[in-house]
Amino acid sequence: DNSIEVFSFALNEELELAKSKADLRLQAGDQVTIFKLTQDRASYIADIVNKLKERARYNQPEPLVSILGNVKFPGTYPLESTMRVSDLVEASLDVLPATDMEYALLRRESKNRDLITLIPISLSKAMSNESLKANPLLQPRDKLIVLSLQDNRNELISKYISELRLQARHGLPAPIVEILGNVKHPGTYPLSENMSVSDLVGAALNLLPSTDMDYALIQRVSEDDITTIMPVVLNNALSGLTQKDDIQLQARDRLIIFNKKDERRDVIEGLVNDLNKQAKLGQPALVTNINGLVSYQGAYPLTNGMRVSDLVIAAGGLKEAAYSMMAEITRYSIGTNNQFNTKHLTINLGQAMAQDMSQNVLLEPHDIVTIKQIPDWSEENTITITGEVRFPGRYPITKGETLAQVLNRAGGVTKLGDPEAAVFSRQSLRDRESANKKRLISEMEMDMALLQKDDASRLNSSDQSEKTMLALASMQQVI
């Protein structure tokens, strides 16, 4: 029937089997190809590959598979009847150093090539034959994409992401998700079956240092373009303790990872703007605000079940000078007679952060939480004393402390010191003196210009001209 069948074998195993006469028996016309370990094998099998391509028919794809990326000999190989992912990796003479053994992609086409899926593969599990599910059987035209730990994987998979985008239809969004922020490889990835937050983080080659493990966000867009924001506690999602925190992803989801040390304002503002645009009569924007002694003040998405402590965490936590005994919530509402109402609620912030639900109240749209400063808090109020005192230097001062008291702390004036000749200088006074000096110079320069103009118009008066010259010289000396 002029068909072509391809078998692969390990030569050392076949030589061992020859002793027991159980090795593969050859037939007339068989062709045996033995590869070198150091030479690309594509040229050896090119003839077989081309013959198999010529035999492809509609709904009968050519029995070929491909492997590309971080392997020794990427290329196209004949598909054998029981060939699995591990067999294809071995055919390419194994992976190279610095291969991501936990995330590879298997591109698979439907028979009529109208549907493409990208399946995540753990090479470590596939190569260890841990389970047949982890090491799936290959199908015609499958392509295995092996990723490096060092290279930018988005460049390698962008072509296949574009293929998924082209498959999108009304009611059937492209099966892709996005991860942004503090990860090794942010970008767009294929959405696989039952893919969760931890799977996407792993695909992006994990988190970078200084990641905010208590606050991340999922932006979910529905078919009618309605945005929903969901909080993610990465500590819980990545711990594997509960599936509840490791949220299952949907097509078009965006996972946003924050760095604890970086400003998050720009990203948050984009989400808040989307939520504000969705607001309608009777459907207020799901936005809340926090001001005062937190790391990142401003507006934040109001997520389902959000409380005061959640908002504080979203804002990067409390600053050192935050007053824990009290915080204020300003709440706006529309009354039954369509009147705009405002009320202020006072809570114990320390108890709210300790999860006392009587104080850690549920937030509502447009609430404003104000975190106050500890009364009389001072970061660093110091003065500098120099000259003829016993202990010159910088001294912290308290509210209401006088110069005489600080001089006493500095050991007092020495015998050589003259209290009547002391000079007191304050930054605000120096700034004011500098500003006054600049203004005086500007005024005098304008007067000089007017005098010169007036002198030029009085050419016949030598006495007046001499007086003008003297005035100008005096002004110039002052400046």
Side-chain angles (χ1 to χ4, degrees), residues 8 10 33 35-46 49 64-80 83-109 116-164 175-180 182-193 195 198-209:
S8 64
T33 305
F35 303 106
K36 290 182 179 180
L37 289 173
T38 57
Q39 189 171 356
D40 191 350
R41 47 199 60 184
S43 59
Y44 288 98
I45 62 175
V49 168
L64 296 171
V65 289
S66 301
I67 185 169
L68 58 89
N70 209 48
V71 293
K72 188 158 188 182
F73 295 123
T76 301
Y77 292 84
L79 174 63
E80 301 171 56
M83 194 174 193
R84 296 181 178 273
V85 165
S86 59
D87 299 318
L88 180 55
V89 173
E90 289 173 2
S92 67
L93 207 58
D94 219 334
V95 298
L96 296 175
T99 291
D100 187 345
M101 297 299 290
E102 298 307 321
Y103 187 72
L105 289 172
L106 182 64
R107 178 189 180 275
R108 177 162 288 171
E109 297 179 1
I116 294 168
T117 56
L118 291 174
I119 305 167
I121 299 291
S122 169
L123 291 177
S124 62
K125 293 178 180 178
M127 301 302 290
S128 65
N129 287 316
E130 186 176 306
S131 71
L132 294 179
K133 185 178 178 182
N135 188 21
L137 283 168
L138 297 178
Q139 297 180 11
R141 287 203 293 258
D142 276 357
K143 182 180 290 186
L144 182 61
I145 306 158
V146 179
L147 302 173
S148 166
L149 292 171
Q150 299 171 341
D151 298 336
N152 185 352
R153 57 191 53 190
N154 296 115
E155 294 178 359
L156 186 58
I157 68 175
S158 61
K159 171 185 175 182
Y160 309 105
I161 295 297
S162 298
E163 290 179 330
L164 295 178
I176 55 176
V177 288
E178 190 175 2
I179 184 168
L180 305 174
N182 207 48
V183 292
K184 182 79 178 287
H185 295 296
T188 304
Y189 291 84
L191 174 67
S192 56
E193 185 179 2
M195 189 177 196
S198 60
D199 297 322
L200 181 54
V201 171
L205 210 54
N206 228 315
L207 307 170
L208 294 178

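For reference, positions follow the sequence shown, starting with 1. Remember, predicted model here, so these are calculated numbers, not experimental data.
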Are the side chain of [X] and the backbone N or O of [Y] linked by a donor-acceptor pair below 3.5 Å?
X	Y	result
R153	A204	no
S192	M195	no
N70	P97	yes

Can you tell me how far the [atom1] atom of [X] sits from the [atom2] atom of [Y], to the nearest 0.5 Å?
X	Y	atom1	atom2	value
D100	Q150	CG	CD	11.5 Å
E102	L147	CD	CG	12.0 Å
R107	E163	CZ	CD	4.0 Å
R108	I116	CZ	CD1	13.0 Å
K143	L64	NZ	CG	12.0 Å
D199	Y103	CG	OH	9.0 Å

Result of checking I121, I119, D142 against P136 for side-chain contact (heavy atoms from CB on, under 4.5 Å):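 The passing option is I121.
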Given T76, I145, L88, V95, the one that forms side-chain contact (heavy atoms from CB on, under 4.5 Å) with I67: L88
Stepwise side chain to side chain contact (heavy atoms under 4.5 Å, CB included) test for L205 and V183: CA-CA 7 Å; L205 210 54; V183 292; over 6 Å; no
Does the side chain of [Y] come within less than 4.5 Å of [X]'s, by heavy atoms?
X	Y	result
K125	N135	no
P190	I161	yes
L106	L138	yes
Y77	S92	yes
D151	L156	no

Looking at every heavy atom in both [X] and [Y], which two are closest together, and how far apart are they?
X	Y	answer
V85	A126	CG1-CB, 4.2 Å
N154	G187	ND2-CA, 3.6 Å
V65	P78	CG2-O, 4.4 Å

Criterion side chain to side chain contact (heavy atoms under 4.5 Å, CB included) on N152 and H185, from CA distance to verdict: CA-CA 7 Å; N152 185 352; H185 295 296; 4.1 Å; yes
V89/D94 under side chain to side chain contact (heavy atoms under 4.5 Å, CB included): CA gap, chis, key distance, verdict: CA-CA 5 Å; V89 173; D94 219 334; 3.8 Å; yes
